[in-house]
**Q** 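There's a structure below that I have some questions on.
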Amino acid sequence: MATFRSDFVRTIVDRGYLHQCTDLEALDALAADGILVAYIGFDCTAPSLHVGSMVPIMLLRHFQQTGHKPIVLMGAGTTKVGDPSGRDDTRKLLSEEDIAANMAGIKRVFAKFLVFGDGPTDAVMVNNADWLDDLEYIPFLRDYGRYFSVNRMLTFDSVKLRLEREQPLSFLEFNYMVLQAYDFLELSRRTNCTLQMGGSDQWGNIVGGIELARRADGRALFGLTTPLLTTASGAKMGKTAAGAVWLNAEQVSPYDYWQYWRDSEDADVGRFLRLFTDLPLDDIAELERLEGAGINEAKIVLANEATRLCHGAEAAASAAETARRTFADGNAGDDLPTIEVDKSELAVGIPAFEIFRLAGLAASNGEARRLIKGGGGRLNNAVISNETQPITVADADSNGVIKLSAGKKRHALVRGV
């Protein structure tokens with residue numbers, strides 16, 4: 001088993017973050033001998049990041065905790081092009097206003113995981129629109145286009161897989177890897193950044209930046225990727241029946257976030273504790289040894305720790321208490337997701353399938369119908385027999401609240417206003 005000199009490389013290997021590295025031995029030596037600067041880019045395609053972004057966020061956190069300087073790159077510039085990686089279709093083109101609004105929403109999450117400031121290992125946030133927006137097309141092509149081989153670009157997965165599936169790839173998208181490569185070169189010049197990290201689907205883009213810096217500036221840079229993350233059953237991380245698990249509380253409540261981790265598959269608990277919490281590895285090993293019903297205790301620890309990092313200790317404790325009251329006592333905890341519905345609509349009655357969709361317990365009316373037909377829909381803890389059953393004010397308790405449940409673990413409250 002390899003022995004690493006640096007705390008950073010040892011940590012990411014032990015906790016399961018490492019998939020590929022351009023030169024792990026050399027990177028380990030540099031990390032052991034001084035402070036490294038590394039970046040990860042986040043395009044501004046939505047008003048919040050989701051659980052799928054937690055691996056790169058936690059990777060930056062460990063990078064800083066082991067004595068190095070992280071850069072969070074906001075991709076307001078590259079968002080205008082659209083990353084083709086892992087997609088069969090072109091990303092929707094967003095307006096300047098939409099990109100700015102999305103960036104504002106995304107920025108907020110990083111202060112919870114990183115320490116920002118002016119110190120040698122304090123995190124900084126930059127925006128690649130600051131340099132990409134000012135590029136002039138012909139000078140850029142003359143200065144940097146000559147360093148890119150189209151033959152080589154066609155071998156990278158982001159392009160090759162799209163073409164193999166006979167899905168169209170626009171010239172706009174084809175330029176994405178060129179611009180991401182230029183980001184790495186620009187950051188190496190501005191901040192002495194020597195490492196770009198990202199998901200495994202970014203390997204080709206990262207290598208492109210390393211090669212550009214070598215050819216244009218004679219710089220030696222490094223790339224490191226994390227594994228593609230799926231659940232033990234093969235499902236994509238960060239997706240539920242109700243949609244994406246967003247990191248901002250406006251999109252997904254702290255309770256629903258807590259519940260997402262509590263519902264982890266048994267086989268995933270140890271891996272998720274290593275990736276998504278700060279718990280020491282010895283403590284995680286103890287939790288992994290729990291068997292039978294004891295694994296539920298490990299899941300609660302996972303939910304508490306993951307929610308504490310993202311939403312704070314108070315929100316995590318409140319979510320745990322709400323879950324206890326909801327499941328152990330059969331009551332409706334105060335922190336359950338709540339929607340407000342016009343009392344006039346409740347007076348007439350709202351079909352059960354529709355109100356389940358409105359409450360976020362199903363992604364569509366069709367999904368809500370199937371849930372209820374299958375016996376998974378409950379109204380005030382009683383099974384709903386008909387998906388068109390009207391939900392009315394008569395179903396509210398003395399506090400004017402209606403409790404809906406999808407299965408045993410997902411709940412929401414409806415309040416008339």
Side-chain angles (χ1 to χ4, degrees), residues 20-22 27 36-45 49 53 56-57 59-60 63 68-86 91 93-94 96 99-100 102-103 106-107 110 114 123-137 139-149 152-153 156-159 171-226:
Q20 291 169 294
C21 183
T22 51
L27 180 65
L36 296 184
V37 181
Y39 91 95
I40 298 178
F42 299 85
D43 279 352
C44 308
T45 55
L49 298 175
S53 297
I57 291 172
L59 182 57
L60 287 174
F63 185 70
H68 304 286
K69 186 178 187 70
I71 297 176
V72 178
L73 175 69
M74 290 285 100
T78 41
T79 302
K80 298 171 187 175
V81 174
D83 184 359
S85 302
R91 292 182 186 274
L93 292 180
L94 302 176
E96 296 270 6
I99 292 172
N102 288 345
M103 184 165 63
I106 290 171
K107 279 182 174 181
F110 290 99
L114 301 171
V124 295
M125 184 176 289
V126 298
N127 180 358
N128 63 11
D130 291 345
W131 54 83
L132 295 182
D133 282 0
D134 293 332
L135 291 177
E136 295 180 346
Y137 189 59
F140 181 74
L141 286 181
R142 283 180 59 87
D143 291 343
Y144 302 104
R146 58 198 172 102
Y147 295 122
F148 290 89
S149 163
R152 181 78 190 281
M153 292 168 73
F156 290 134
D157 283 349
S158 59
V159 173
F171 181 68
L172 177 68
E173 296 171 284
F174 191 61
N175 279 273
Y176 188 90
M177 70 172 72
V178 176
L179 297 179
Q180 183 170 326
Y182 183 75
D183 282 344
F184 200 0
L185 176 64
E186 190 71 22
L187 286 173
S188 73
R189 291 170 172 175
R190 291 177 177 229
T191 67
N192 198 32
C193 178
T194 56
L195 172 64
Q196 182 184 173
M197 303 186 290
S200 58
D201 61 338
Q202 297 298 310
W203 179 251
N205 295 338
I206 292 172
V207 169
I210 293 170
E211 292 184 350
L212 175 61
R214 177 178 58 81
R215 292 174 177 173
D217 287 5
R219 291 175 181 262
L221 304 181
F222 297 85
L224 185 153
T225 62
T226 57

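All values derive from a computational prediction rather than experimental measurement.
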**Q** Is any side-chain heavy atom of V126 closer than 4.5 Å to one of R190?
**A** no
**Q** Of all the heavy-atom pairs spanning T79 and T45, show the shortest one and how long it is.
**A** CG2-CG2, 4.2 Å
**Q** Taking side chain as C-beta onward, heavy atoms only, is L185 less than 4.5 Å from D217?
**A** yes
**Q** What closest approach, in Å, do F148 and G208 show between heavy atoms, and which atom pair accounts for it?
**A** CE2-O, 4.4 Å
**Q** Is there a side-chain contact between V72 and F42 in this structure, where contact means two heavy atoms from C-beta onward sitting under 4.5 Å apart?
**A** yes
**Q** Side chains of R219 and R189, heavy atoms from C-beta outward: is any pair under 4.5 Å?
**A** yes
**Q** Report the distance from atom NZ of K107 to atom CE of M74, rounding to the nearest 0.5 Å.
**A** 7.5 Å
**Q** From the options L179, D133, L172, select the one residue that forms a side chain to side chain contact (heavy atoms under 4.5 Å, CB included) with K80.
**A** D133
**Q** Please find the pair of heavy atoms, one from V159 and one from M177, that lie closest to each other, and give the distance.
**A** CG2-CE, 3.5 Å
**Q** Going from CZ on F140 to OH on Y182, what distance comes out if it is rounded to the nearest 0.5 angstrom?
**A** 6.5 Å
**Q** Verify whether one side chain among Q196 and Q180 offers a donor that lies under 3.5 Å from an acceptor in the other.
**A** yes
**Q** Roughly how far, to the nearest 0.5 Å, is the CG atom of L135 from the CD atom of E186?
**A** 8.0 Å
**Q** Using side-chain heavy atoms (C-beta onward) and a distance below 4.5 Å, is D43 in contact with Y176?
**A** yes
**Q** If you compare all heavy atoms of F63 against all heavy atoms of L36, which two are closest, and at what distance to 0.1 Å?
**A** CZ-O, 3.5 Å
**Q** Of all the heavy-atom pairs spanning I206 and G223, show the shortest one and how long it is.
**A** CG2-CA, 3.5 Å
**Q** Measuring from N205:CG to D83:CG, what's the distance to the nearest 0.5 Å?
**A** 6.0 Å
**Q** Return the minimal non-hydrogen interatomic distance between I40 and M197, and the atom names on each side.
**A** CG1-O, 3.3 Å
**Q** I'd like to know if the side chain of R146 reaches the main chain of R142, judged simply by a donor and an acceptor atom lying under 3.5 Å from each other, with no hydrogens or angles considered.
**A** yes
**Q** L59 versus L224: any side-chain heavy-atom pair under 4.5 Å?
**A** yes
**Q** Could you check whether any side-chain heavy atom of L141 comes within less than 4.5 Å of a side-chain heavy atom of Y137, counting everything from C-beta outward?
**A** yes
**Q** Are N128 and Y39 close enough that a side-chain donor and a side-chain acceptor fall under 3.5 Å?
**A** no
**Q** Atom CG of L212 and atom CZ of F184: how far apart are they, to the nearest 0.5 Å?
**A** 10.5 Å
**Q** Rounded to the nearest 0.5 Å, what separates atom CZ in F171 from atom CG in N175?
**A** 4.5 Å
